[in-house]
**Q** 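Below you will find the structure I want to go over with you.
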Amino acid sequence: MHIPKMPAQSQNTFRGIRSSKFRHVYGKGARKENCYENVLITQKAHDTAACAVNPKFVAIAVEVAGGGAFIVLPLDKTGRIDINTPKVTGHAGPVLDLKWCPFNDNLIASGADDCTIKLWHIPDGGLKANLTEPLADLQGHQRRVSIVEWHPTAENVLFSAGYDYQILVWDARRGVLMQTLDLHTDVIYSLSLNRDGSRMATTSRDKRLRIIDPLSGKVLQEGLCHEGSKACKAVYCGDMGLVFTTGFSRFSDRQYGVWDEKNLNTPLRLDTIDSSSGVLTPFYDHDTRVVFVAGKGDGNIRYYEITDSPPYCHFLSQYISGEPQRGFGVMPKRGCKVSQCEIFRFYKLYATKAICEPISMIVPRKSDQFQPDLYPDTASPTPAMSAEEWFAGTTRGPVLMSMKTGMTIKTHRPLPLRPTESSSDKNADKKYAFLSRETRADYRPLEVKTSSSTDKDLKTSTNLDTKFQALQKLWGCNVKNMGDNKEQCSTNSSGIESEKTYTSTKNTINKMNIKSGDSPHKLTSYAMQEKEIEILEKPSPKTESESNPNESQEAAAAEAP
């Protein structure tokens, strides 16, 4: 049987289904007990995520009556969150953006509507009380700060963008403004750095996409991005030299585009997604070369694979849920669960509920062993260079680490010093001042008070049934003064008073040595024992009949009938 051959043109055009190990990636939402409930998510963060995550904490901007605040929760503190959970409350305006330092899991930067950027140190285990004092207060913007971003390889280098059309470069350790990039003519919508931090991609309201050298402050390339009037976002695709953007067409259709950083005149690919109105935000994973696209108000997350050859972008699948989202926080790769083949993890902020839900992106594999094709060496929490080296013109790629151990990599760093502090021991001066102080002896006489001076002491002395007070009742004596070993004893049972002064025998009373270090209670016990000894040596008082025999006989005769 003769089988005809297909034409050569048909053989070249037929491609079939493209094979990819990420084709069957699926999203898995967390159970209710693993979500964060009762979180009053802020309503004032416009196009920013208002959420930041690292392997230790999740930070969420919350709604407060005045000023701006955000809460920081340990990852394992899931379930219903107490309404009185301690907050970071140092800003005078709503918090618009949050970013954790990639080299210190306890350091977070926040930008707010009060035109400032503040750095905060969060202790291990979370906050025990409201935090109001920042490590550093960076002031340089003239209008609200909408974007903060850390340098991916240099330590303590921070970028911030505001509504004053400027990008400021900070040395976070010293709290000093190092450079001002005044290259935009309108509000900046997004800011993204490449793998080694040598290039920066920005989008703004003037619909322009710019490639900037952050060290020299020069615009290397500039071109028209998306023609729509709504916000467009850009993200650098690692070290591939490509930029992925999302925006709107002139007919308000949502689009994505792939651009070459060396030529922004025409996109490598420009395609329409749908006709919804929510602003799309891209998230790129360099290790898998997968970009995730999520829209504000949508319930789904689309993901695409980026390649070096045409058509450069391949649609993989999408995660669909019935709850609309307000924003997302993204876990760094070193915080993903290797045993579950998790390649990405979102923390979804609900738009209609006070819930933050973790969503894991998982590659289905039958084996639970380490998958080296899914987890190449990733960026470690170790900086490749210092801020001084980067400002001097040095460029280095990230320090890589293996994820084969299967453990979540965390950093443990103490509270960093403020720029004005030079000593590692903040209380050293106080300690030295105390040790150098001369020791002086106190030779003042110790006054012992045996009588009650307050109403409380009077009540206590009346109610307590002590041995001394029992003797007082028995003999009808009221001890008043023991200053010179003399005592006045008065009997008031029938209005007859008799006073007798006596001197106690010195041989029977052993005076007690009262030390200056004895407590007041001990001194009182000494005085009580001394009184007991002296009362026992008193002569027994005479009765009324013994003192006046004639009066007693007359009283008896009057009573007789």
**Q** Determine whether more than 12 heavy atoms belonging to other residues, nucleotides or ligands lie under 6.0 Å from atom NZ of K353.
**A** no
**Q** Consider only side-chain N and O atoms of D182 and T180, and report whether a donor and an acceptor are under 3.5 Å apart.
**A**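 Side chains of D182 and T180: no pair found under 3.5 Å.
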**Q** Please, which pairs that meet ring-ring contact (aromatic ring centres under 6.0 Å, His included) have at least one residue in residues 183-228, sequence neighbours excluded?
**A** none
**Q** Side chains of M401 and P381: closer than 4.5 Å at any heavy-atom pair?
**A**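 The answer is yes; the side chains approach within 4.5 Å.
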**Q** How many angstroms lie between atom CG of N130 and atom OG1 of T132, to the nearest 0.5 angstrom?
**A** 8.0 Å
**Q** Between K333 (side chain) and M403 (backbone), is there a donor-acceptor pair under 3.5 Å?
**A** no
**Q** Whether the side chain of S321 engages the backbone of G299 through a donor-acceptor N/O pair (distance < 3.5 Å, no angle test) should be reported.
**A**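 Present.
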**Q** List the atom of T395, the atom of M385, and the distance in Å for their closest heavy-atom pair.
**A**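 Here T395 and M385 meet closest at CA-CE, 4.1 Å.
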**Q** Atom CD1 in I122, atom CG in L135: separation rounded to 0.5 Å?
**A**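 Here the interatomic distance stands at 9.0 Å.
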**Q** Salt bridge or not between K77 and D82? Use side-chain N to carboxylate O under 4.0 Å.
**A**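 Salt bridge: no.
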**Q** Any salt bridge between E389 and R396, counting N to O under 4.0 Å?
**A** yes
**Q** Is K56 paired with D105 through a side-chain N to carboxylate O contact shorter than 4.0 Å?
**A**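 The answer is no: the pair does not qualify as a salt bridge.
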**Q** Ignoring hydrogens, what is the shortest heavy-atom contact between A109 and V148? Give both atom names and the distance.
**A**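 Between these two residues, the closest heavy atoms are O-CG2, 4.1 Å.
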**Q** Can you see which heavy atom on K337 is nearest to which on Y375, and at what distance?
**A**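 Shortest heavy-atom contact: O-OH, 3.7 Å.
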**Q** Is it true that T378 and D287 share a donor-acceptor pair across their side chains at a distance under 3.5 Å?
**A** yes
**Q** Does a side-chain heavy-atom distance below 4.5 Å link L75 with Y36?
**A**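 They are in contact (side-chain heavy atoms under 4.5 Å apart), so the answer is yes.
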**Q** How long is the straight-line distance from OH of Y304 back to CZ of F244, given to the nearest 0.5 Å?
**A** 6.5 Å
**Q** Does T42 use its side chain to pair, donor to acceptor, with the backbone of A61 at less than 3.5 Å?
**A** no
**Q** Closer than 3.5 angstrom, by distance alone: can the side chain of E342 be matched with the main-chain N or O of C336 as a donor-acceptor pair?
**A**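 No, E342 side chain to C336 backbone: no donor-acceptor pair under 3.5 Å.
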**Q** Who pairs with R250 by side chain to side chain contact (heavy atoms under 4.5 Å, CB included), at least two apart in sequence or on another chain?
**A**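 In terms of side chain to side chain contact (heavy atoms under 4.5 Å, CB included), with neighbours along the sequence ignored, R250 is linked to E227.
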**Q** Got a salt bridge between R208 and E222, using NZ or NE/NH1/NH2 to carboxylate O under 4.0 Å?
**A**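 Salt bridge flag = yes for E222 with R208.
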**Q** Find out whether F159 and I117 are in side-chain contact, i.e. whether some heavy atom of one side chain is under 4.5 Å from a heavy atom of the other.
**A**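 In short, these two side chains do not touch, never coming nearer than 4.5 Å.
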**Q** For R199, does its backbone N or O pair with a side-chain atom of N194 as donor and acceptor, under 3.5 Å?
**A**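 Yes; judged by distance alone, with no hydrogens or angles, the pair exists.
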**Q** Around R269, counting heavy atoms of other residues, nucleotides and ligands shown, do more than 12 lie under 6.0 Å from its CZ?
**A** yes
**Q** Kindly say whether P94 contributes a backbone atom to a donor-acceptor pair with the side chain of R144 at under 3.5 angstrom?
**A**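 Absent.
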**Q** Checking the side chain of K230 only, and the main-chain atoms of S277 only, is there a donor and an acceptor separated by less than 3.5 Å?
**A**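 Checked: pair present.
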**Q** Any donor and acceptor pair, going by atom type alone, linking the side chain of D186 with main-chain N or O of R205 inside 3.5 Å?
**A** no
**Q** Looking at the rings of Y303 and F344, which for Trp means the six-membered one, are their centres under 6.0 Å apart?
**A**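 For Y303 and F344, the ring centres are not under 6.0 Å apart.
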**Q** Does a side-chain heavy-atom distance below 4.5 Å link F57 with W100?
**A**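 Answer yes - side chains close enough.
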**Q** Taking the basic N atoms (NZ, or NE/NH1/NH2) and the acidic carboxylate oxygens, is any pair closer than 4.0 Å for R254 and D274?
**A**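 Counted as a salt bridge, because a side-chain N and a carboxylate O are separated by less than 4.0 Å.
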**Q** For the residue pair F328 and F283, does the interplanar ring angle fall in the parallel (under 30°), tilted (30 to 60°) or perpendicular (over 60°) class?
**A**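 Geometry flag for F283 against F328: perpendicular rings.
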**Q** In a check of side-chain hydrogen bond (donor to acceptor under 3.5 Å, both in side chains) between S160 and each of Q166, E149, H141, K99, which one passes?
**A** H141
**Q** Are any non-hydrogen side-chain atoms of Q142 and C115 less than 4.5 angstrom apart?
**A**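 Of all side-chain heavy-atom pairs linking C115 with Q142, none is under 4.5 Å.
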**Q** Answer yes if the side chains of D206 and T185 hold a donor-acceptor pair under 3.5 Å, and no otherwise.
**A** yes
**Q** Are any of the side-chain heavy atoms of I83 and L40 separated by less than 4.5 Å?
**A**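 Side chain of I83 against side chain of L40, heavy atoms only: contact under 4.5 Å found.
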**Q** Can you tell me how far apart CD (Q43) and CD1 (I41) are? Round to the nearest 0.5 Å.
**A** 8.0 Å
**Q** Under 3.5 Å, side chain of T89 to main-chain N/O of A69, donor-acceptor pair present?
**A** no
**Q** Quick one: does N38's side chain have a donor or acceptor within less than 3.5 Å of a partner on I81's backbone?
**A** yes
**Q** Do H91 and T116 touch side chain to side chain, with heavy atoms closer than 4.5 Å?
**A**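 Yes. Closest side-chain heavy atoms under 4.5 Å.
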**Q** Side chains of T288 and F22, heavy atoms from C-beta outward: is any pair under 4.5 Å?
**A**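 Side chain of T288 against side chain of F22, heavy atoms only: contact under 4.5 Å found.
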**Q** Could you grab the distance from atom SG of C356 to atom CD of Q325, nearest 0.5 Å is fine?
**A**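 The SG atom of C356 sits 12.0 Å away from the CD atom of Q325.
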**Q** Enter the distance from D308:CG to M240:CE here, rounded to the nearest 0.5 Å.
**A** 4.0 Å
